[in-house]
Amino acid sequence: MIKRELYMEQIRPFIGKDVVKVITGLRRSGKSVLLDLLRDEIGDPKHSVYLNFESKQNEKYANADTLYDYVTKKIGCSKDKWYLFFDEIQEVNNWEGAINSFRVDFDADIYVTGSNAKLLSGELATLISGRYVQFVIYPLSYREFLLLNEGKNFADYLKLGGMPFINNIIADEKAIHLYLEDLYNSVVLKDVVKRNNIRDVDLLDRIITYILANVGQTFSASSISKYFKSEQRKVSTDTVLNYIKACEEAYLFYKLKRQDIKGKKILQVAEKYFIVDHGLREAVYGKTAEDIGQVLENIVCIELLRRGYEVTVGTIDGQEIDFIGVKNNEPIYVQVAYLLADKKTQDREFGNLLKIEDNFPKLVVSMDTLDMSRNGIKHLNIERFLSEEL
């Protein structure tokens, strides 16, 4: 187990504070491990309650009243601070009311995890407005992957991705692909189909496959609808949007909006979608070798999100900037290419960035090992980009 210090650093300032710590992210991305790390760091087992609601043993506490009664009995008349840890809290019916009551009725430091973005879209946000902080957990970064898997390299990360469990079967590539396929099916069935009462699972599968094929490509829900129409299948744009939204809420895909850099406005059409883990894409769709440019772009996108950037796709004078990442109100501009193999490719990747008339960092990221930095624009090999602070 690794410390996942990137997330621990984010959460530590809130330990012991009167805010509910909400940890969300894709199923099996490491939320439970992070909860264990927090329990170890806080280190007060006599005054703590931990429940994992994926366990059958805790099913009897899976509604707000029984959960509240159980915790109340544990705390009793104690005036000490108690630490409450609830894993996969969305399995508890009306959990929002119980969590708010713990905050109000006890001196409680509360941590919850969940696998759906809807966790904070309803009553909880109303009940404890301004009293919670959210932390989104991603699969392993390249640095974390290397820490867990001694002797592996970027070629392995490119094929296998960063789902934490694969460390346990790292020597068996077939087993890894089987695990990732099963994980994908679990996310789709439990966190997309079941949670959203989706009936046309075949259509959902086709939409997901379309997105996987077009990771990093600009398209819209209407273009997907037209694609199905060309296959003699009538699907409304609203249905496509709803199905994609369900996948986003399960943290399977991330949508990036497009931004006009000169006009400083967000464009409302033709977004891009990226999958949370490129290893999942390889397991269920394949073609990493054929689509390596798209996969590298996906890796960079998720890394920027992992590091806390707000990320959009940029446009300037009709040309595209792959990513604009903003953190602490300061932007960074990133172009991604497989190889800068010829002058035309180099001029395109660097030339688009040269059109941006500000002094904020501009990067070109590729698989090339030779440093081709020019005109104040930094060129980084992708391994260096993933291994160093920006």
Side-chain angles (χ1 to χ4, degrees), residues 7 10-137 190-192 194-197 246 249-251:
Y7 304 111
Q10 295 172 19
I11 299 173
R12 279 194 189 102
F14 298 97
I15 292 176
K17 303 298 191 295
D18 184 25
V19 287
V20 180
K21 276 64 73 175
V22 182
I23 300 167
T24 59
L26 182 77
R27 184 178 294 269
R28 303 286 174 261
S29 59
K31 300 185 299 298
S32 298
V33 168
L34 190 62
L35 210 58
D36 288 340
L37 290 169
L38 287 164
R39 291 169 65 201
D40 289 344
E41 184 154 317
I42 291 168
D44 190 0
K46 289 184 179 179
H47 298 95
S48 69
V49 176
Y50 168 77
L51 291 171
N52 181 349
F53 291 104
E54 284 196 317
S55 170
K56 192 76 173 174
Q57 292 180 346
N58 297 322
E59 194 173 276
K60 54 184 175 289
Y61 307 124
N63 71 69
D65 291 337
T66 55
L67 176 59
Y68 183 81
D69 290 344
Y70 172 76
V71 173
T72 300
K73 288 177 183 177
K74 290 278 287 186
I75 294 177
C77 298
S78 173
K79 299 298 182 184
D80 297 317
K81 181 177 286 293
W82 280 73
Y83 299 91
L84 309 182
F85 304 92
F86 303 117
D87 206 357
E88 298 297 350
I89 191 67
Q90 76 277 350
E91 301 300 329
V92 177
N93 292 325
N94 301 315
W95 62 272
E96 300 93 338
I99 294 299
N100 188 53
S101 293
F102 297 145
R103 190 186 64 80
V104 172
D105 296 345
F106 307 110
D107 184 6
D109 191 17
I110 305 170
Y111 303 80
V112 303
T113 77
S115 300
N116 196 281
K118 279 185 177 178
L119 210 62
L120 295 172
S121 64
E123 190 178 350
L124 179 64
T126 303
L127 285 172
I128 58 171
S129 178
R131 294 292 186 179
Y132 70 85
V133 286
Q134 181 184 14
F135 307 93
V136 179
I137 307 304
K190 291 183 179 180
D191 298 324
V192 181
K194 182 180 177 182
R195 198 164 300 283
N196 295 275
N197 297 313
E249 289 170 347
Y251 294 102

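Predicted, not measured: the structure shown is a model, and the values here were computed from it. All values below come from the heavy atoms of this structure, side chains included, with hydrogens, waters and symmetry mates left out.
- Here the side chain of Lys31 pairs no donor or acceptor atom with the backbone of Ser29 at under 3.5 angstrom.
- Ring centers of Tyr68 and Phe102: under 6.0 Å apart, within the cut-off.
- Contact of the Glu249 side chain with the Asn196 side chain is registered, since non-hydrogen atoms from C-beta on lie closer than 4.5 Å.
- Stacking of Lys21 on the aromatic ring of Phe14 is not recorded, the 6.0 Å distance cut-off and the 45° axial limit not both being met.
- Taking both residues in full, the closest heavy atoms of Ala246 and Val192 are given as CB-CG1, 3.9 Å, listed atom of the first, atom of the second, then distance.
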Under the criterion side-chain hydrogen bond (donor to acceptor under 3.5 Å, both in side chains), I'd like the reasoning laid out for Tyr251 against Ser115: C-alpha separation, chi angles, the key distance, then a yes or no. CA-CA 8 Å; Tyr251 294 102; Ser115 300; over 6 Å; no

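- A distance-only check finds no donor-acceptor pair linking the side chain of Asn100 to the backbone of Glu96 [under 3.5 Å].
- Leu67 approaches Ala98 most closely through the heavy-atom pair CD2-CB, 4.3 Å.
- At a threshold of 4.0 Å, the pair Asp109-Lys17 does not count as salt-bridged, since none of the basic side-chain nitrogens sits closer than that to a carboxylate oxygen.
- From Arg27, atom CZ reaches atom NZ of Lys190 across 5.0 Å, with rounding to the nearest 0.5 Å.
- Atoms NE2 and OH, from His47 and Tyr83 in turn, are 9.5 Å apart once rounded to the nearest 0.5 Å.
- Distance check: Phe86 CZ to Tyr50 OH gives 11.5 Å after rounding to the nearest 0.5 Å.
- Rounded to the nearest 0.5 angstrom, Ile75 CD1 and Leu84 CG are separated by 5.5 Å.
- Residues Val19 and Tyr132 fail the side-chain proximity criterion, which asks for heavy atoms closer than 4.5 Å.
- The closest side-chain heavy-atom distance from Phe85 to Ile42 is below 4.5 Å.
- Between the side chain of Asn63 and the backbone N or O of Thr66 there is at least one donor-acceptor pair closer than 3.5 Å.
- Note that the OG atom of Ser48 and the CG atom of Leu38 stand 12.0 Å from one another [nearest 0.5 Å].
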Step-by-step salt bridge (Lys or Arg N to Asp or Glu O under 4.0 Å) determination, Glu91 to Lys56: CA-CA 11 Å; Glu91 301 300 329; Lys56 192 76 173 174; over 6 Å; no

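- A heavy-atom distance below 4.5 Å is not found between the side chains of Tyr111 and Asp87.
- Under the 4.0 Å criterion applied to side-chain N and carboxylate O atoms, Arg12 and Glu41 are assigned as salt-bridge partners.
- Counting only heavy atoms from C-beta outward, the side chains of Tyr61 and Val92 never approach each other to under 4.5 Å.
- Side chains of Thr24 and Ile137 form no contact here, defined as non-hydrogen atoms less than 4.5 Å apart.
- When atom types are taken as modelled, the side chain of Lys194 and the backbone of Asp191 share no donor-acceptor pair closer than 3.5 angstrom.
- Using a 4.5 Å heavy-atom threshold, the side chains of Ile99 and Ile110 count as touching.
- Using a 4.0 Å cut-off between a side-chain N of Lys or Arg and a carboxylate O of Asp or Glu, Asp18 and Arg131 qualify as a salt bridge.
- By the 4.5 Å heavy-atom criterion applied to side chains, Thr72 and Asp105 are not counted as neighbours.
- With hydrogens and angles left out, the side-chain atoms of Thr113 and Glu88 include no donor and acceptor closer than 3.5 Å.
- For the atom pair Leu34 CG and Tyr7 OH, the distance stands at 8.5 Å (nearest 0.5 Å).
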Where do Val133 and Val22 land on the side-chain contact (heavy atoms from CB on, under 4.5 Å) test, with the steps shown first? CA-CA 6 Å; Val133 286; Val22 182; over 6 Å; no

